[in-house]
Structure formats: C-alpha cells, structure tokens
Amino acid sequence: MATTVATPVAPTEHDPDRCGSEEESRGAEAAEESSPQQVGPAAAGSHSRLSKLPLARIKALMKTDPDVSLASQESVFIIAKATELFVEMIAKDALVYAQQGKRKTLQRKDLDNAIEAIDEFAFLEGTLD
C-alpha cells in the first residue's frame, strides 16, 4: 500500500514590496502585447506630434539643396529632431552666460560667448556677425 504524506503548505504572506499578483502582472503584459506599437508607414504620421518644428518647412528647406531630390518622412523627422536638440543645447549653454549677467533673457552676446567658449560650436564662429 502506498501511503500519502500530507505536508502542510504555509499560506503565502503579502509582500508589501510586491506590486501585485502574478495574474495581475500577466494581465498587464497581455494588455501591452494587445496594443502593438506602430511601425513603418503608419508610425510616420505620428512624427508630426513628436516634433516641435514644422516638418513641411524642414522638407522644403531640405529640397533647396540641389543634391536632394526626394526626402522621406523619416529623414525629415530625424533632421527636425536633431535641429531641436541642437537648438536646445546651444540655448542651455547660452543661458549660463545670461545667468552670470543676472538676466533671464538670452541676448546675442550670450550666444556669442557660448560659441566662443565651447569647442563643439567652433563651426559657428563668425556666423552671427
């Protein structure tokens, strides 16, 4: 005869560091999988919401270059995003000089000082003259 031994199973205690049960986390993962992120042409329409600059204007500027005949939406978006990041970076660096002068408004001299002081902006020297 086979004897069965019953081992008591301790009830699981609620762990305050744990956010939810495994079923809840599985449900959240399933919800994420059920709403796939857009990829490809469908996602291209969402680029305009992600950019602070007018994409049509950037595309027109890109096409003024004789070497550029066609510009995809993705390339226009990348140029727009890079421009935003560049303007943000130079503005933050110029703000340091404005704050040193106890001002909140950026002036041309702040941009000139940032361009002269930071090597990354060396290619801009003389462009504001």
Side-chain angles (χ1 to χ4, degrees):
M1 265 201 251
T3 60
T4 58
V5 178
T7 56
V9 177
T12 58
E13 294 180 22
H14 178 67
D15 186 3
D17 295 335
R18 192 169 161 178
C19 294
S21 66
E22 289 182 30
E23 289 113 18
E24 289 173 356
S25 64
R26 280 191 227 122
E29 290 172 0
E32 289 174 1
E33 292 173 3
S34 66
S35 60
Q37 294 179 347
Q38 293 180 344
V39 177
S46 66
H47 287 316
S48 63
R49 288 178 277 160
L50 299 174
S51 177
K52 296 175 186 173
L53 298 174
L55 298 180
R57 173 76 88 179
I58 291 173
K59 188 170 188 170
L61 286 170
M62 289 172 66
K63 286 191 170 189
T64 60
D65 185 345
D67 295 333
V68 177
S69 58
L70 295 174
S72 69
Q73 282 185 316
E74 289 82 10
S75 65
V76 174
F77 174 74
I78 294 296
I79 295 292
K81 204 61 176 166
T83 304
E84 284 177 29
L85 293 173
F86 173 75
V87 169
E88 181 182 346
M89 187 170 80
I90 195 168
K92 283 182 178 179
D93 291 335
L95 180 63
V96 170
Y97 292 99
Q99 289 173 338
Q100 286 175 354
K102 298 190 182 353
R103 291 178 282 107
K104 293 183 179 178
T105 305
L106 290 182
Q107 296 177 353
R108 180 183 170 159
K109 63 183 176 183
D110 301 322
L111 289 170
D112 285 335
N113 289 336
I115 289 170
E116 288 176 17
I118 300 169
D119 292 337
E120 294 174 341
F121 302 136
F123 70 98
L124 292 173
E125 288 182 6
T127 57
L128 295 178
D129 296 334

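Model, not experiment: these values are computed from the prediction.
- Residues satisfying the side-chain hydrogen bond (donor to acceptor under 3.5 Å, both in side chains) criterion with Asn113, sequence neighbours excluded, are absent altogether.
- Here the shortest heavy-atom pairing between Ala71 and Met62 reads CB-CE, 3.9 Å.
- Applying the 4.5 Å side-chain rule to ILVMFWY residues, one finds that Leu70 remains a lone member of its cluster.
- Of the inter-residue distances, the one linking Ile118 atom CD1 with Ile90 atom CD1 reads 8.0 Å to the nearest 0.5 angstrom.
- Grouped with Leu106 in one hydrophobic cluster are Leu95, the linkage being side-chain heavy-atom contacts under 4.5 Å among Ile, Leu, Val, Met, Phe, Trp and Tyr residues.
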Check residues 75-89 and write down every donor-acceptor pair under 3.5 Å in which the side-chain atom is one partner and the other belongs to a residue at least two apart or another chain.
residue: Ser75; atom: OG; partner: Ser72; partner atom: N; Å: 3.2
residue: Ser75; atom: OG; partner: Ser72; partner atom: O; Å: 2.8
residue: Ser75; atom: OG; partner: Ser72; partner atom: OG; Å: 3.3
residue: Lys81; atom: NZ; partner: Leu50; partner atom: O; Å: 3.4
residue: Lys81; atom: NZ; partner: Glu84; partner atom: OE1; Å: 3.4
residue: Thr83; atom: OG1; partner: Ile79; partner atom: O; Å: 2.7
residue: Glu84; atom: OE2; partner: Ser51; partner atom: OG; Å: 3.0
residue: Glu84; atom: OE2; partner: Lys52; partner atom: N; Å: 2.5
residue: Glu88; atom: OE2; partner: Lys92; partner atom: NZ; Å: 3.0

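- The salt bridge (Lys or Arg N to Asp or Glu O under 4.0 Å) contacts involving residues 113-129 comprise Arg108-Asp129, where partners must be two or more places apart or lie in separate chains.
- Remark: Lys104 engages no residue in a salt bridge (Lys or Arg N to Asp or Glu O under 4.0 Å) (not counting sequence neighbours).
- Listed by chain and number, the residues in a salt bridge (Lys or Arg N to Asp or Glu O under 4.0 Å) with Arg103 are Asp110 (sequence neighbours excluded).
- Heavy atoms only, all atoms of each residue included: Phe121 and Ala114 are closest at CD1-O, 3.7 Å.
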